[in-house]
Amino acid sequence: MRKRIISLALALVMCLSLLPMTALASSDDNNGDWAAKTLTLKNTDEAELMVRTGDIDAMNDSNAIANGYSPFTAKNQRPHSFPWTDDAADPTGTDRMYIGSQWSGGGKDGYSKYVTAPGALTISMRYDAAGITVKNALLQLCIDDFQALNWGTSFSVTLNGRSAPFIAELLNQVDQTGPTSYIVSAVIPSGFFNEIASGELIIAIDETTGLGDGYAVDFAKLLVNYQDSLFTGDFSGTTQPGATVRLLGTSTTVTAAADGSFTFEAIPGLNAVRASTSGYVENYEFGIVLASGTEWAPDVRLSAGTGSPDIDFSQFGSTDAWANASDWATEELAEADELGLIPEVLEGADLTQDITRAEFAAVAVKVYEALSGTAAIPAVNNPFTDTSDVEVLKAYNIGAVNGTSDTTFTPDALLNREQAATMLTRVFKKVSLVGWTLATDSEFTLTYTKPAAFADDADISGYAKDSVYFMAANGIIGGMGDNKFAPQNITTEEQATGYANATREQALLIAVRMVKNLEV
């Protein structure tokens, strides 16, 4: 019986060895089919959008997956075959050996002797980002044989032609000898969010000294609106007491304790830290962080001397508060920016354009949070079938907005002036009137001196009149000339010209006046 079992086992092994590679391929919910050359996934456990260029196979190693290769845990990174056979179907920049564009034929390492011509490693990622507001982004590169510390080489990195030293620094402070592949991860600063939102990201990695250091990338992975749960590894180290320690690939810093200790949460793979403090020269250490537990305990020793400035991440900070605005509005818009009243959906936008219901809901949430000092929480149960916008659900939960029907919100519809007045008056009621809800609104009365009626009072909807005059009485929303409020578009001509529509900049100016004039 035992001989029969052994014979069956051997037969199974032989059958498995004859199976095509696809039969041994791996797949998971966050990365899809590892054999796919390019892939886009939405709403994974890791991120709202995942884009991958290049297959996950440790440089075309047909035995990698069978041997337990998994770059996402940083465990069991066995050496792969070398040199490997090129696959013409692999996307440009992946599973190829590169040597910098400045190389002039000097000494070569094991990889570079297989490179036919110098040139930057360039990976193009193209994807559909429609409907996604970029709130954060992270780039992962599965690198192979990057040895800047060993060779004295220096890598430069660009994203869509713009310098990205926050990624280059990471590549220049690890010594990763092939033939093994490890992931490095870099958080993309908000100044690059427009690049991410464009649906195309071109990553170029070049070696600038001209030394013969060959290098390769197995795949590149972009995560848009990622979850903090990605940081599943952790490590602790020591350095000069009181030193500032930064996790490379991020702007995150900690201060070393009195005994010099520090701790970070990190993404599994190759990681590095920079330690610096006044009177000392900065220093770096790198190591491997595992998905659970770690063998890396960096000891970042500093020598007395004059250090160099750290990367100024502010130069890669948020995009301009707006792309376009009227001259008459810029002073108060600057106040809106300082007060934190510009929601993410309007950052970098043309503020002269009319505002939508969803955009104004986000403004209303900002006003509520500023007046109440409390973070708005989205409604647990979404009553709307036409939007899942979290800002709309926050505005709905605080009673600032309701739907255009029992099941719809119509997020892209343009907002008129009486609707703006009504929504923000509800915000004020929520903050100032104990027990107020939208359902109990009729039970509450606002105290104010009502100004003289507007000339177009008859055009103001009944539900909005109290809100319109409350706003006017407090100097928040004024008339439009000829003592008219312009509450809504009545005539065909008004509808065509958007006479009563509220613009984005008007909405933000109203928000500023709300916070300044109605501070509770």
Side-chain angles (χ1 to χ4, degrees), residues 120 134-141 143 146 148-149 152-174 184-198 201-209 222-224 226 228 231 237 239-256 262 264-267 270-286 298 300-323 334 337-338 340 342 344 347-348:
V134 182
K135 299 176 182 177
N136 62 46
L138 183 138
L139 180 64
Q140 295 187 305
L141 300 170
I143 64 173
F146 278 71
L149 300 179
T153 48
S154 180
F155 294 101
S156 66
V157 180
T158 60
L159 301 178
N160 287 6
R162 295 179 58 194
S163 179
F166 42 89
I167 302 175
E169 180 190 36
L170 182 54
L171 297 178
N172 287 322
Q173 294 300 334
V174 297
V184 293
S185 303
V187 174
I188 307 301
S190 58
F192 283 80
F193 285 2
N194 285 342
E195 311 292 339
I196 302 297
S198 71
L201 187 67
I202 300 175
I203 308 156
I205 305 172
D206 202 1
E207 201 290 309
T208 62
T209 67
L222 174 67
L223 294 168
V224 180
Y226 63 86
D228 288 339
F231 292 77
T239 187
Q240 187 72 22
T244 298
V245 189
R246 179 166 57 82
L247 181 65
L248 267 59
T250 77
S251 59
T252 302
T253 62
V254 298
T255 301
F262 62 86
F264 278 103
E265 293 181 341
I267 297 175
L270 271 176
N271 280 267
V273 292
R274 178 190 194 269
S276 61
T277 190
S278 177
Y280 291 84
V281 178
E282 71 281 357
N283 197 13
Y284 298 82
E285 289 289 341
F286 74 93
V300 194
R301 302 188 180 186
L302 302 182
S303 300
T306 302
S308 301
D310 198 359
I311 290 178
D312 179 9
F313 283 88
S314 66
Q315 64 178 306
F316 310 108
S318 299
T319 52
D320 291 337
W322 57 82
D337 193 23
E338 291 175 6
I342 302 179
E344 288 183 0
E347 288 181 357

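Below, all heavy atoms of this structure are taken into account, side chains as well, without hydrogens, waters or symmetry copies. In this chain, numbering begins with 1 at the start of the sequence shown.
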Closest non-hydrogen atom pair between [X] and [Y], with its separation:
X      : Y      : value
Ala137 : Ile196 : CB-CG1, 4.2 Å
Phe192 : Arg162 : CE2-CB, 3.7 Å
Asn160 : Glu195 : ND2-OE1, 2.9 Å
Thr306 : Val281 : O-CG2, 3.7 Å
Ala168 : Ser156 : CB-CA, 4.2 Å
Ala197 : Val134 : CB-CG2, 3.9 Å

Does the distance from a Lys or Arg side-chain N to an Asp or Glu carboxylate O, for Arg246 and Glu282, drop under 4.0 Å? no
Compare all side-chain heavy atoms of [X] with those of [Y] and state whether any distance is below 4.5 angstrom.
X      : Y      : answer
Val174 : Ile143 : yes
Asn271 : Phe264 : no
Val187 : Ser251 : no

Drop me the distance from [X]'s [atom1] to [Y]'s [atom2], to the nearest 0.5 angstrom.
X      : Y      : atom1 : atom2 : value
Thr250 : Ile188 : OG1   : CD1   : 11.5 Å
Leu159 : Phe166 : CG    : CZ    : 5.5 Å
Tyr284 : Leu170 : OH    : CG    : 10.5 Å
Ser163 : Phe316 : OG    : CZ    : 6.0 Å
Arg274 : Gln173 : CZ    : CD    : 9.0 Å
Leu171 : Leu149 : CG    : CG    : 11.0 Å

Yes or no on side-chain contact (heavy atoms from CB on, under 4.5 Å) for Ile167 and Leu139, after CA distance, side-chain angles and deciding distance? CA-CA 9 Å; Ile167 302 175; Leu139 180 64; 3.9 Å; yes
Is the Phe146 ring parallel, tilted or perpendicular to the Phe155 ring (thresholds 30°, 60°)? tilted
Crowding at OH, Tyr280 (>12 non-hydrogen neighbours, <6.0 Å): no
Where do Glu265 and Asp228 land on the side-chain contact (heavy atoms from CB on, under 4.5 Å) test, with the steps shown first? CA-CA 10 Å; Glu265 293 181 341; Asp228 288 339; over 6 Å; no
Mark yes or no for whether [X], through its side chain, and [Y], through its backbone, hold a donor-acceptor pair below 3.5 Å.
X      : Y      : value
Thr253 : Thr244 : no
Asn283 : Leu302 : no
Glu207 : Ser154 : yes
Asn136 : Tyr226 : yes

